[in-house]
Amino acid sequence: MGSQSYFKALIICLIAVIGSTEAQLQLGFYGKSCPNAEKIILKYVAERIRNVPSLAAALIRLHFHDCFVNGCDGSVLLNSTPNNQAEKDSLPNLTLRGFGFIDAIKSLVEAECPGVVSCADILALTARDSVHAIGGPFWNVPTGRRDGLISRAADPLASLPAPFHNLTVQLSLFDNVGLDANDLVLLSGAHTIGVAHCSSISTRLYNFTGRGDTDPTLDSDYATNMKTLKCKNINDNTTLLEMDPGSRDTFDLGYYKQVLKRRGLFHSDAELLSSSTTRSIITKQLQSTEGFFAEFAKSMEKMGRINLKLGTQGEIRKHCARVNN
C-alpha cells in the first residue's frame, strides 16, 4: 500500500509539472487549434485602421487598461450585470473605445474556430496590429491567455495610473504589476497618438492647488493657449485635445519632445521630468526612432504578461462582453 501511495503521489507531481510547463504563453499558440486566427485579426485591423487611424490609440489604451487591472484577461471587455458593475463602467474607463471593434473580430474568429481563441489574446493582438498599421512598432505577442471571470468597477480606481498622479504613485502602481521606471517612460510614449478630454486636465489648468491657479510645471504660454482656444472653462467635459499636437495619428518621438518642452498634457507626463532617472530615459529615446520602437516593443511584450490566466484558469469566452455561464 505504501509503494502504491508513493507512485500515485509521484504521478500527480509529474502531471502538475507537465501542466505548469505547458501552461505558458508561446508564439503561435493557436497554430494547430486555429491556424488562421492571427491572419483573420490582422486582415480585419489592416482594412479598417487605415480609414480610422485614431482607433489605434483607443485599442492600445484598452489593452493597457485591461492588463493593469487583474492582469491581461479581457476583464475590461465584460459588460455590467444587474448584480455587478464591471470595469468598463468605472470612472477611469468611461472614455474607453473599441469594444465593438473587438466584438466584431471575436465573431469572425468564433466562426472559424468556436471556443478556441480568448478575448484577452484577441485584444493583445489587435492592439499590436493596429499600432503597427499606422507605422508604429511591431512587437511579439505570444498567445495562450485565458479570459477572466471577474470584472469589478472598484478595481480600476485602485490599480490604474491616473493623469493627476505624481511620479511616486505611478512607479508604485507599475511596480505592483512587475514593471519599472523604464517601462513607465516607454509605455507613456504611447501618448504620442490619440486624444484626451479637457476634463482630464481642467484642474491642472484652472485650480491646481485649489486656489484658482495653473500647474507651474506646465509651460505658461502653452497653458494660456489651451485656456484661450481649447479648454475655455473648468467645466468643459467634451472638447478633445491632441496628446501630441500635429501628429496624433503618427507613432513618433513627438510626445517626448512635448514633455521636455513642459507641454505634456497630463500632470503625470510632467512628473517624468521630476527625476533624473526618468528624464534620462526620455533623453535616450530621443536619440533615434528605431531605438524607441525597439524598447517600446520590449515593454509592451512585458506588459502583455501581467498576471496571466493560463492552462485551465478562467475560460475562453464565446462573447467578449459576457462570461459563458
Side-chain angles (χ1 to χ4, degrees), residues 54 56-57 60-61 64-65 68 92 95 131 134-137 160-175 179-206 208 213-227 229-231 240-300 303:
S54 63
I60 195 171
R61 183 174 180 236
F64 181 95
H65 281 230
F68 263 72
T95 55
V131 167
I134 63 167
L160 283 173
F164 53 82
H165 279 155
N166 64 33
L167 185 60
T168 300
V169 174
Q170 292 181 74
L171 288 172
S172 176
L173 291 172
F174 269 65
D175 183 63
L179 301 178
D180 57 25
N182 195 59
D183 299 312
L184 168 59
V185 174
L186 286 159
L187 294 177
S188 295
H191 288 172
T192 190
I193 55 174
V195 295
H197 289 82
C198 280
S199 55
S200 62
I201 66 161
S202 56
T203 299
R204 191 179 186 207
L205 288 175
Y206 288 100
F208 187 62
D213 55 343
T214 301
D215 181 354
T217 65
L218 184 62
D219 177 77
S220 58
D221 290 338
Y222 189 59
T224 299
N225 181 276
M226 295 281 284
K227 289 191 283 188
L229 302 176
K230 295 289 185 178
C231 308
L240 293 175
L241 306 167
E242 293 183 347
M243 302 284 284
D244 179 8
S247 63
R248 71 178 191 182
D249 294 327
T250 304
F251 210 99
D252 55 21
L253 297 172
Y255 164 75
Y256 294 125
K257 294 175 182 177
Q258 290 291 108
V259 170
L260 287 182
K261 291 178 181 177
R262 298 194 298 122
R263 293 184 174 188
L265 203 57
F266 302 143
H267 180 66
S268 56
D269 296 325
E271 282 288 298
L272 298 180
L273 298 180
S274 67
S275 155
S276 59
T277 299
T278 48
R279 179 189 282 267
S280 66
I281 297 170
I282 291 175
T283 303
K284 178 184 176 184
Q285 305 318 309
L286 286 170
Q287 292 175 4
S288 80
T289 299
E290 294 77 10
F292 165 51
F293 277 21
E295 292 299 309
F296 182 85
K298 291 177 185 176
S299 286
M300 282 302 302
M303 188 191 81

What do the steps show when you test H197 against L240 for side-chain contact (heavy atoms from CB on, under 4.5 Å), and what is the final call?
CA-CA 5 Å; H197 289 82; L240 293 175; 3.4 Å; yes
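- Considering CD1 of I282 and CG of L253, their distance stands at 11.5 Å, rounded to 0.5 Å.
- Separating the CG atom in L160 from the NE2 atom in H65 is a distance of 5.0 Å, to the nearest 0.5 Å.
- Looking at heavy atoms from C-beta onward, I281 lies out of side-chain contact with L184 at the 4.5 angstrom threshold.
- Here the closest heavy-atom approach between residue I201 and residue C231 is recorded as CD1-SG, 4.4 Å.
- Partner of R263 under the salt bridge (Lys or Arg N to Asp or Glu O under 4.0 Å) criterion, chosen from D221, D219, D269: D219.
- Taken to the nearest 0.5 Å, the OG atom of S188 stands 9.0 Å off from the CE atom of M243.
- Side-chain contact between L179 and F68: present, with at least one pair of heavy atoms (C-beta onward) separated by less than 4.5 Å.
- Evaluation of the ring-ring contact (aromatic ring centres under 6.0 Å, His included) rule for F266 yields H191 as partners, not counting sequence neighbours.
- Here the side chains of M303 and F64 are in contact, with some heavy-atom distance below 4.5 Å.
- Looking at S299, its side chain never comes within 3.5 Å of a backbone N or O of F296 through a donor-acceptor pair.
- Remark: the backbone N or O of P161 is not paired with any side-chain donor or acceptor of Q170 at under 3.5 angstrom.
- Looking only at distances, no side-chain donor or acceptor of S268 sits under 3.5 Å from a matching main-chain atom of H165.
- Contacts of K257 classified as salt bridge (charged side-chain N to carboxylate O under 4.0 Å, His left out), with partners at least two apart in sequence or in another chain: none.
- A 4.5 Å side-chain heavy-atom check between L272 and L167 finds at least one atom pair inside the cut-off.
- Inter-residue side-chain proximity for N182 and K298 is flagged as unmet; no heavy-atom pair is nearer than 4.5 Å.
- Residues V195 and R248 have side chains in contact (heavy-atom distance under 4.5 Å, counting atoms from C-beta outward).
- Residues M300 and L187 are in side-chain contact: their nearest non-hydrogen atoms beyond the backbone lie under 4.5 Å apart.
- For T214 against L205, the heavy-atom pair with the smallest separation is OG1-O, 2.7 Å.
- In terms of heavy-atom proximity, G135 sits nearest to F293 at O-CE2, 3.5 Å.
- The CG atom of D183 lies 7.5 Å from the CZ atom of F174; values are rounded to the nearest 0.5 Å.
- In this structure, L265 and A196 approach most closely via the heavy-atom pair CD2-CB, 3.8 Å.
- Checking side-chain atoms of E271 against main-chain N and O of N166 turns up no donor-acceptor pair under 3.5 Å.
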Check step by step if side-chain contact (heavy atoms from CB on, under 4.5 Å) holds for L286 and L260.
CA-CA 10 Å; L286 286 170; L260 287 182; 3.2 Å; yes
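- Sorted by first and then second residue, the side chain to side chain donor-acceptor pair (under 3.5 Å) pairs with a member in residues 277-293 form an empty list; sequence neighbours excluded.
- Rounding to the nearest 0.5 angstrom, the gap separating the OH atom in Y222 from the CD atom in Q258 is 5.5 Å.
- Put simply, the side chain of F292 reaches to within 4.5 Å of the side chain of L186, judged on heavy atoms.
- Annotation: the span from T217 atom OG1 to L273 atom CG amounts to 8.5 Å, rounded to 0.5 Å.
- Among all heavy-atom pairs drawn from Y255 and D244, the shortest one is N-OD2, 3.4 Å.
- Taking each heavy atom of Y256 and G189 in turn, the nearest pair found is OH-CA, 3.4 Å.
- Around atom NZ of K227, more than 12 heavy atoms belonging to other residues, nucleotides or ligands sit under 6.0 Å away.
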